[in-house]
Chemist: 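This is the structure I want to talk about, given as structure tokens.
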Amino acid sequence: QLVESGGGLVQAGGSLRLSCVASGSTFAGWTMGWFRQAPGKERDFVAAITWTGSLTYFADSVKGRFTISRDNAKSTMSLQMNILKLEDTAVYYCAAKRNIAAIRQISAYGYWGQGTQVTVSS
């Protein structure tokens with residue numbers, strides 16, 4: 001089970017830190033990622049990180065503003081979001097998969113959290 005937290009309302013230019021906690025399984029060796037879905041739009045890839053944290057991947061729209069990290073000892077993953085823009089408003093989902101193949105594809109992830117709302121206001 002994956003549980004996200006940290007969402008909320010923030011002004012444009014501000015920051016938020018999302019967290020994802022894995023329970024019931026350590027997801028040892030698994031790749032984890034963040035996706036987001038804005039109202040009326042499809043769910044899109046945001047960022048992903050491999051088990052060791054040595055490889056990270058970002059959507060072009062968030063590159064340079066978001067960072068992803070994980071603490072395997074605590075079974076947690078975080079998404080630090082800086083310089084937030086109105087277009088970052090969405091429900092953010094944590095996801096996990098067994099390998100790094102197709103890391104940007106929604107269909108490659110077998111485990112999902114329930115999502116946390118991020119709203120960026122002007």
Side-chain angles (χ1 to χ4, degrees):
Q1 183 181 7
L2 301 174
V3 180
E4 305 95 335
S5 63
L9 176 64
V10 63
Q11 285 191 324
S15 298
L16 276 178
R17 186 176 182 87
L18 305 183
S19 294
C20 173
V21 178
S23 61
S25 172
T26 63
F27 291 94
W30 288 38
T31 292
M32 298 188 74
W34 289 97
F35 290 76
R36 67 186 182 187
Q37 187 166 17
K41 296 188 177 181
E42 295 183 348
R43 192 171 299 188
D44 291 328
F45 171 79
V46 176
I49 186 168
T50 55
W51 166 248
T52 63
S54 60
L55 294 175
T56 58
Y57 304 80
F58 296 93
D60 288 342
S61 59
V62 306
K63 200 171 295 183
R65 299 188 297 121
F66 291 11
T67 57
I68 187 171
S69 61
R70 65 190 296 169
D71 183 341
N72 293 329
K74 297 181 179 179
S75 297
T76 61
M77 175 182 64
S78 296
L79 184 70
Q80 178 66 42
M81 307 185 295
N82 298 326
I83 316 175
L84 283 161
K85 303 177 180 180
L86 296 178
E87 52 264 41
D88 294 319
T89 294
V91 177
Y92 283 70
Y93 297 90
C94 168
K97 64 189 306 293
R98 294 182 182 272
N99 52 50
I100 65 171
I103 203 166
R104 298 171 186 266
Q105 294 183 11
I106 295 173
S107 59
Y109 289 78
Y111 291 87
W112 291 85
Q114 83 290 347
T116 185
Q117 176 70 48
V118 171
T119 302
V120 183
S121 64
S122 58

Chemist: Please tell me whether S78 and Q80 have a donor and an acceptor in their side chains that are separated by less than 3.5 angstrom.
Modeler: no

Chemist: Do Q114 and E4 pass the side-chain contact (heavy atoms from CB on, under 4.5 Å) test, and can you show the C-alpha distance, the side-chain angles, and the key distance before you say yes or no?
Modeler: CA-CA 7 Å; Q114 83 290 347; E4 305 95 335; 2.8 Å; yes

Chemist: Could you list all the ring pair (Phe, Tyr, Trp, His ring centres under 6.0 Å) pairs where at least one residue sits in residues 54-80, not counting sequence neighbours?
Modeler: none

Chemist: To the nearest 0.5 angstrom, please state how far the CZ atom of R70 sits from the OG atom of S19.
Modeler: 13.5 Å

Chemist: Distance check, rounded to the nearest 0.5 Å: L86 atom CG versus Q11 atom CD?
Modeler: 10.5 Å

Chemist: Any idea which heavy atoms bring M77 and I68 closest together, and the distance?
Modeler: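 Heavy atoms of M77 and I68 come nearest at SD-CD1, 3.9 Å.
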
Chemist: Atom OG1 of T31 and atom CD1 of I49: how far apart are they, to the nearest 0.5 Å?
Modeler: 9.5 Å

Chemist: Could you pull out all residues at least two apart from V118 that satisfy side-chain contact (heavy atoms from CB on, under 4.5 Å)?
Modeler: L16, L18, M81, Y92, V120

Chemist: If you count the non-hydrogen atoms of other residues, nucleotides and ligands that lie under 6.0 Å from CD1 in I100, is the total more than 12?
Modeler: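 No, because the 6.0 Å sphere around CD1 of I100 holds 12 heavy atoms or fewer from other groups.
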
Chemist: Looking at NZ of K97 and CG of N99, how far apart are the two atoms once the value is rounded to the nearest 0.5 Å?
Modeler: 4.0 Å

Chemist: For the SG atom of C20 and the CH2 atom of W34, what is their distance to the nearest 0.5 Å?
Modeler: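 Rounded to the nearest 0.5 Å, the SG-CH2 separation comes out at 5.0 Å.
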
Chemist: Establish, from distance only, whether the side-chain atoms of S15 and N82 form a donor-acceptor pair under 3.5 Å.
Modeler: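 Distance-only check passes for S15 and N82.
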
Chemist: Could you pull out the closest heavy-atom pair between Q117 and A90, with the gap in Å?
Modeler: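 The pair with the smallest heavy-atom distance is NE2-O, 3.4 Å.
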
Chemist: For K74 and N72, test the side chains for any donor-to-acceptor distance below 3.5 angstrom and give the result as yes or no.
Modeler: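 No, because no side-chain N or O of K74 sits under 3.5 Å from a partner of the opposite role on N72.
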
Chemist: Measure from NZ or CZ of R43 to the centre of the six-membered ring of W112, then state whether that distance is under 6.0 Å and the direction lies within 45° of the axis.
Modeler: yes

Chemist: Checking side-chain contact (heavy atoms from CB on, under 4.5 Å) for the pair L79/R17: CA distance, chi angles, key distance, verdict?
Modeler: CA-CA 6 Å; L79 184 70; R17 186 176 182 87; over 6 Å; no

Chemist: Test ring pair (Phe, Tyr, Trp, His ring centres under 6.0 Å) on F35 and F45 and set out the steps.
Modeler: CA-CA 4 Å; F35 290 76; F45 171 79; 5.6 Å; yes

Chemist: Nearest 0.5 angstrom please: Y111 OH to M32 CE, how far?
Modeler: 11.5 Å

Chemist: Could you tell me if the side chain of R104 sits less than 4.5 Å from the side chain of V46, heavy atoms only?
Modeler: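 The answer is no, as the side chains (C-beta and beyond) never meet within the 4.5 Å cut-off.
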
Chemist: May I have the step-by-step check of side-chain hydrogen bond (donor to acceptor under 3.5 Å, both in side chains) for T89 and E87, ending in yes or no?
Modeler: CA-CA 5 Å; T89 294; E87 52 264 41; over 6 Å; no

Chemist: Do the charged groups of D88 and K85 touch, with an N to O distance under 4.0 Å?
Modeler: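 Salt bridge: no.
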
Chemist: Minimum heavy-atom separation for Y109 and A48, please, with both atom names.
Modeler: OH-CB, 3.7 Å

